[in-house]
Structures are given as structure tokens and as C-alpha cells.
There are 2 protein chains.
Amino acid sequence: MTLLDYSSSASVATDGHVEARFGDRTTRLHPQWLREQSTEPGQIEATNRQRLFTPLDVESGLVAVDAELDGDALTVAFSDGHRCRLSVAVLMQRLGWIADPEAPPTPIAWEPGAAPFPTVSWPAIAGGLDEPAVAAATVDFLSNFARHGFVIIRDTPTTGGTVAEVGNHIGYVAGNNFGWVFDVRNEPQPTDLAYTAIGLKPHTDQPYRKVQPGLQLLHCLANEAEGGDSVLVDGLAATEAMRRERPDLHETLATIEVDFRYDIGTDVAIDRRPVVQLDSAGRFHQLRFNTKLDFPVPADGADLDAWYAGRRWLAAWMDDPTHQAAFRLGRGDLIFMDNHRVLHARTAFDPTSGHRHLQGCYIEHDGPDTRYRLAVRHVAGAH
Amino acid sequence: MTLLDYSSSASVATDGHVEARFGDRTTRLHPQWLREQSTEPGQIEATNRQRLFTPLDVESGLVAVDAELDGDALTVAFSDGHRCRLSVAVLMQRLGWIADPEAPPTPIAWEPGAAPFPTVSWPAIAGGLDEPAVAAATVDFLSNFARHGFVIIRDTPTTGGTVAEVGNHIGYVAGNNFGWVFDVRNEPQPTDLAYTAIGLKPHTDQPYRKVQPGLQLLHCLANEAEGGDSVLVDGLAATEAMRRERPDLHETLATIEVDFRYDIGTDVAIDRRPVVQLDSAGRFHQLRFNTKLDFPVPADGADLDAWYAGRRWLAAWMDDPTHQAAFRLGRGDLIFMDNHRVLHARTAFDPTSGHRHLQGCYIEHDGPDTRYRLAVRHVAGAH
């Protein structure tokens, strides 16, 4: 990789920063920031590559005393006597000038009337990443997942507990108040409305937990009853549509806090958050939408008219078939979905007409993020 | 409970809200908010108490048509024909007028020179909450935990895997990139600096995960080496001290984003957040402090001088023995700590002088929150 051309340069400014020109852009690099990028022997541990010196080991007035470009590296000497070679490609990534090649793709809101329907066959991704075909299929699988917020995994074993095997292949199954693996079927004493035969509107799971489960896996063991069809809706598309058409309601749903309450007497979990959470740049971050257990906090000045109008707006948007991916799960199909973004629903079913039995579990976002990055490394031949 | 006196009242305003006076305070209650508090038959499922009607089932112009006080209840009739009785005590809790009696206590920052040292004996809390002594001990244990951010659990079994038993008693063990239960001892190929014999400065674990592990359990199986003493520091006290003494640095650490990178080649996890996270009211929410793998993002305008000064300020504060709880773990002791608040450290140890072996795992905040609430219910005789 050649990132540097004849006009590239590096020098030390009078304040001890490094002034660098890489390609057509210039930057001032902080001396301690550069010092802590060092991977020279003794600076980081050899296996885990973690920094061996602490903030108090670095002199507070540390400056760079020399800087020069050398091939595709920047060499810097510091006032504490240390000297290190730093990859310009890595520095440019960390400056945000070039994209992190291992970062999963950016989410894309679904288009109305054109819900994506990404699928993958489990045997294609079930192996280790040292198999080139598995690494390539994993990159495709998790790219689709990052873009669309879900993928249907086909051809999984139809034995109980498979959902945890798949979950632990992609990440680590996280416990919750229903245990690690939960059975979704019609039950006489249902500890959740999911464990009945009634229809469920689009919702995210467990907004009442301080850590709303990140990713859900739902595995179909039997789907022989009449009804019980599946629906997915894109919460990113829904909230972005609301932001365009009703910015006032979007603002309200992102502001007013809501008590999400799961309380069956013998078990209870409560969390207080807004329905829509944005990141520090104001972009969509997370949706908590579950209208069977949400109670907006009637704080002074909270405009509940607007909040109820906003929730209704979202519920109606999600109820529109042109915004839905509707399908029927077969035995061995598994829905893998981002519970912070994609909502799931089902139609009512008749439990006397046949057996319906799903198993579910949750993993966190780190799982597929790590696996995607490692798969990209394998495809790139780094291993 | 008598919450109402002769001056209490309820009536319907012209806009269909309910105007109520409970004791000495008045409020206007939104009709749909009241409608969704209904627990009358058919409104919620009998076992799980989840709402059976959806936002689109409620007429958008719903109003209250009648309201009256009746004993300790408010009875409301609505324009859709529904009528319900609502507990005034519950309404006052949801209005925030009286505290939720099941909510864990508020955190208290440790005083310099007077670190708390709450302990509990495992047999006292190991049983079911239907044993009154266990319920009472659990309330004490988890009150201490909520206030101080840690408790030392004594007298646990000294067998491997105990840490997961304790974790699953309080919550649900969550997987992470080191598995479910990880062994902390000196290793030849350490996948983390914890798995060496070197000293570790106060840190929170795994800030590089999108969900930083909530609570850590560290269980001592052997501690016979020279060195290897334990230190805990209160991140709440540290950041509040910084906010008082150096509000500029506090602001910087709460603003500038940091790439926390765990990357050993064969495993990688990266997250980008500020060191200090505040809640929507500006209060301390969460700390990510781990100076062996933090790289502030050198965005345009980011004042890295201030960021490094702030990190140094915190590191120095935490290094001050008057801010530390210092102790030595014995076999069967277990540190239960809030990884979003309390930092842990250890002194270096000499692995040739004796064996040192801890096991750790993580659970989430919901675990102790739920268990505290259920214990309070048992103590109150609700079960």
C-alpha cells in the first residue's frame, strides 16, 4: 500500500506535536497520542498487545523531538528517549481518513414495499474461519446482517438446543429472566404474552432490562398450526420516516422517558429510557418498542399527547404491510435479528390445529462484530 | 395506607384529563395514561399482567368522562366505555410523589480515607427468598451493594466453578470473549494482562465491548503467592471529585470519544465511547477506564491535552491510598463489584513463591435489581 507521495512530510512543531502531511491532507499529531501507539518491544505485551506503561509513567510534558517519514512508516523520537516506527496506514485509519477495512458495513434503512430477505444456509457458516469458504460466507452473512438488521439462517438441525449452538457460534449466549434458552409455545400459565397463541404486534424484546438484549435468535422446531406467520419491521426505517414526516413526534419519543415494566409478582424487571435512543451525533442508536408494558413517565412538562401520538404513528407505520417482511418459518429456520433495530411480530395461531414451537436466545452485538472482523482477516489472508 | 385526606379530590376537566388532588399535591392525569394503567379483567393477561390491547385499539380522541375517589382508589370512566379502579398509592409512585419501596438505595460516593468494606457470608444469602432470614440478609447485602458498588462475599465453597453458581444465584452469567468463567492466574501466553503476574492499576474490565460487562464476580481459589493484594476504588467518588475540582477535565472526559481496542490478532473487540458517561440529567452513569487499551479519537477540535490531563488526574486520584479499599483475598472470598462504577487493581505477585488462582465471571445489573425487589416483597410479606 502506498499512501505517501512526494509531497508527504513530517516534522516536529515548536510545541512538540508532529505536523504531518500524508497524501493530500495535513494533521497535527499529539505527542502522547503518538507515544501510546508504540508497539516497540517493552511497550506492549507480546501476546495480548496491551500497553505495559501507565498514564503516570509518562512525563506530563512529553514532546516529540524528531519525526521523519521512512517508507510507509512515520518514525518519531520523544523527549523520554523512546523512538518508535508507526504504520502510516494505521495512523490514517485512526485519524478517520481511511475506513477501517474490518468494520462491518453501515446499516441501510429498508425501502417501503421492498423489504430485504437475506438468507444463509447454516452449513455454509457453521465451520471454522480457517476454512476459506466459511470465512467468505461469514463475511457475506454478517455484511447482510449489519446492513439489514436480520438474516434468516436456513437448514439448521431441528433438535432442541440448536439455537444456543448457533448463538455460541456467532457470539456468547447471554442469560435473561427467562433463562438462557427459552421456549416459545402456547402455555397454560404464560410468563409472557409470547407464550400464548395470540398475535403479537411488532416489538423489541425485553425493553425493561437495563441492557436490552442485543441480538435475538429464534429457531423453529415446529410450525404446524394454522396461523403463526412471522413479520419483521425495520425500526431504523420507521424512526427515520417519522423524523422526516413528524420531527416533533420523533423528538418527543427520543426525549420522554418511559418505564418499561415486567412484573409478574414472582419476577420483576424495570428500566426507564426513551423509546428512541440517538447517538452523540443524533443518529439512530436503539429502539425500545413494546406496547404491552410501556408507561411514559408523567413528569412536569412532559407532553403525553405528543408521546401517545408518536407511539401511535410508529405502531401504524409498522402495521402497514408495505413496511413489513412477512414470511412463514419452516422447521430448521432461524431468525437472527438485531433487537435494538428490527421488530418482530407474529399472527395469532390456533394451537388445536397443530404444534408450534420455537426456541430463542440472545447474544450481544460484540459477537457478530468480532466474528466479522476475524472473517475479514481470514479472507485477506492475515491468518 | 391512608394517602387521602378530606381535601383530596378528583374530577374530569373539559379536555378529558383527570384533575386530582392527592394529599397536598395536585396533578392533571392524561386519559390514555390512566387507561393504560387499568388492570381490570380483559385489559391485562392474568399471569404475566401484560397489556392485551395495542395502541391502535385505543381511539385517538379518548377522554375521561367520570372520575371519583373511592377509599384509596381512583375510579375513572372513559369515552370508550371502560371503567377501572386504580390504586392511588401506585399512581403516586408513578408520578414520583412517593418513592418506589422496592427500588434499591441510591449510590453514595466513598469518603476519602474511609472506604467502606461491606461483607456478607455466602450461607446467609445462598438460600431461597422464601426463607425469611435469607430475604432479610439479601436486602442488606444488595442495599450495601447498591450504595457502595461492591460487597465481599465470604465463606463460599473453594471449588472451581463456584463463581458461576454465585453469579447465577444473583443473576445470569453473561458470556464474553474469555468465555463464561475465566481463570485469572499467571499464564505463559496471556490473552490479557490480567493473566500475568504484573501489578494492575485500577481499571474497569472490557471497555472495548459494546456492552461493558455490568457486574464482575472474582472468586479466590488460592492466594498463596507473595504480593497479589487487592485494591478497589470508587469511580463515582473519583469522577465527582474531578467534577468539583476540575470541571473542565470532567467535561472533556465525558465528551471526547475513545477507541477501546482489544486485539490479539486471533480475537478482536473494539468500541468507541467517552470515558465518563452521564445520564440525561448529567449524573454519573458509567465509567470506562482501562489505560492499557485506550486511544482517544483525534477528531478535529478534540483537545487531547485536556483529555490526557484528565486521564492523568483520574489515574493519580485512584493511585492515592486514601481513596482505596486495600485488602487481601483469602480462599473462598469473592469480590462482587459494579464494573460500571468500581475499579479493581492488584499488586504484582511472585508466581514462584506460591499459587494464586482466581476465577471470574460477569452478570448484568438486572440480576441484583430483580433480586433486591423480590427480597423486599418477601420481607414485606407480599409472598
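To find a chain, count down the sequence lines: A is the first, B the second, and so on, and within it residues start at 1.
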Just so I understand: if I count every heavy-atom pair under 4.5 Å between each of [options] and chain A, which residue has the most?
options	answer
B/Ala46, B/Ala315, B/Pro55, B/Gly367	B/Pro55
B/Val297, B/Asn177, B/Asp300, B/Asp259	B/Asn177
B/Val173, B/Leu293, B/Leu129	B/Val173
B/Ala269, B/Ser60, B/Gly214, B/Ala174	B/Ser60
B/Asp366, B/Thr370, B/Asp100, B/Ile264	B/Asp366
B/Gln37, B/Arg261, B/Glu102, B/Arg371	B/Arg261

State, to 0.1 Å, how close [X] and [Y] come at their nearest heavy-atom pair, and which atoms those are.
X	Y	value
A/Asn168	B/Trp180	OD1-CH2, 3.1 Å
B/Asn48	A/Pro190	ND2-O, 3.0 Å
A/Tyr172	B/Gly179	CE2-CA, 4.0 Å
A/Gln50	B/Thr191	NE2-O, 4.3 Å
B/Pro298	A/Leu95	CG-CD2, 3.7 Å
B/Leu193	A/Leu52	CD2-CD2, 3.8 Å

To the nearest 0.5 Å, tell me how far [X] [atom1] sits from [Y] [atom2].
X	Y	atom1	atom2	answer
B/Asp369	A/Lys210	CG	NZ	4.0 Å
A/Glu45	B/Ile198	CD	CD1	8.0 Å
B/Arg49	A/Lys292	CZ	NZ	15.5 Å
B/Ile270	A/Arg373	CD1	CZ	3.5 Å
B/Leu29	A/Leu304	CG	CG	9.5 Å
B/Asp57	A/Lys201	CG	NZ	7.5 Å

Note: A/Asp279-B/Arg272 ion pair, threshold 4.0 Å (strictly below):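 Judged by the 4.0 Å cut-off on N to carboxylate O distance, A/Asp279 and B/Arg272 do not form a salt bridge.
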
Salt bridge present between A/Asp263 and B/Arg377 (N-O < 4.0 angstrom): yes

Candidates B/Thr291, B/Asp294, B/Asn290 - the one meeting side chain to side chain donor-acceptor pair (under 3.5 Å) with A/Arg51: B/Asp294

Chain B contact via [X] - which portion, at a heavy-atom distance below 4.5 Å:
X	value
A/Thr27	neither
A/Tyr262	side chain
A/Arg28	neither
A/Ile363	neither

Over 12 foreign heavy atoms within 6.0 Å of CZ, B/Arg273: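 Yes, because the 6.0 Å sphere around CZ of B/Arg273 holds more than 12 heavy atoms from other groups.
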
Chain B-proximal positions within residues 306-314 of chain A [heavy-atom distance under 4.5 Å]: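 If one takes a 4.5 Å heavy-atom cut-off, the residues of residues 306-314 of chain A near chain B are A/Tyr308, A/Arg311, A/Arg312.
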
Stepwise side chain to side chain contact (heavy atoms under 4.5 Å, CB included) test for A/Leu56 and B/Asp319: CA-CA 9 Å; A/Leu56 300 177; B/Asp319 226 35; 3.7 Å; yes

Close side-chain approach of B/Leu374 to A/Val268, heavy-atom, < 4.5 Å: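 When only atoms from C-beta onward are counted, A/Val268 and B/Leu374 do touch, with a gap below 4.5 Å.
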
B/Val211 vs A/His365 side-chain heavy atoms within contact, under 4.5 Å: no

Region of B/Glu364 in contact with chain A, defined by heavy-atom distances below 4.5 Å: side chain

Side chain, backbone, both or neither of B/Asp267 within contact of chain A (heavy atoms, under 4.5 Å):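 Both parts, backbone and side chain.
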
Winner by heavy-atom pair count (cut-off under 4.5 Å) against chain B, out of A/Asn176, A/Ile44, A/Thr196: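 Looking at each of A/Asn176, A/Ile44, A/Thr196 in turn, A/Asn176 comes out on top.
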
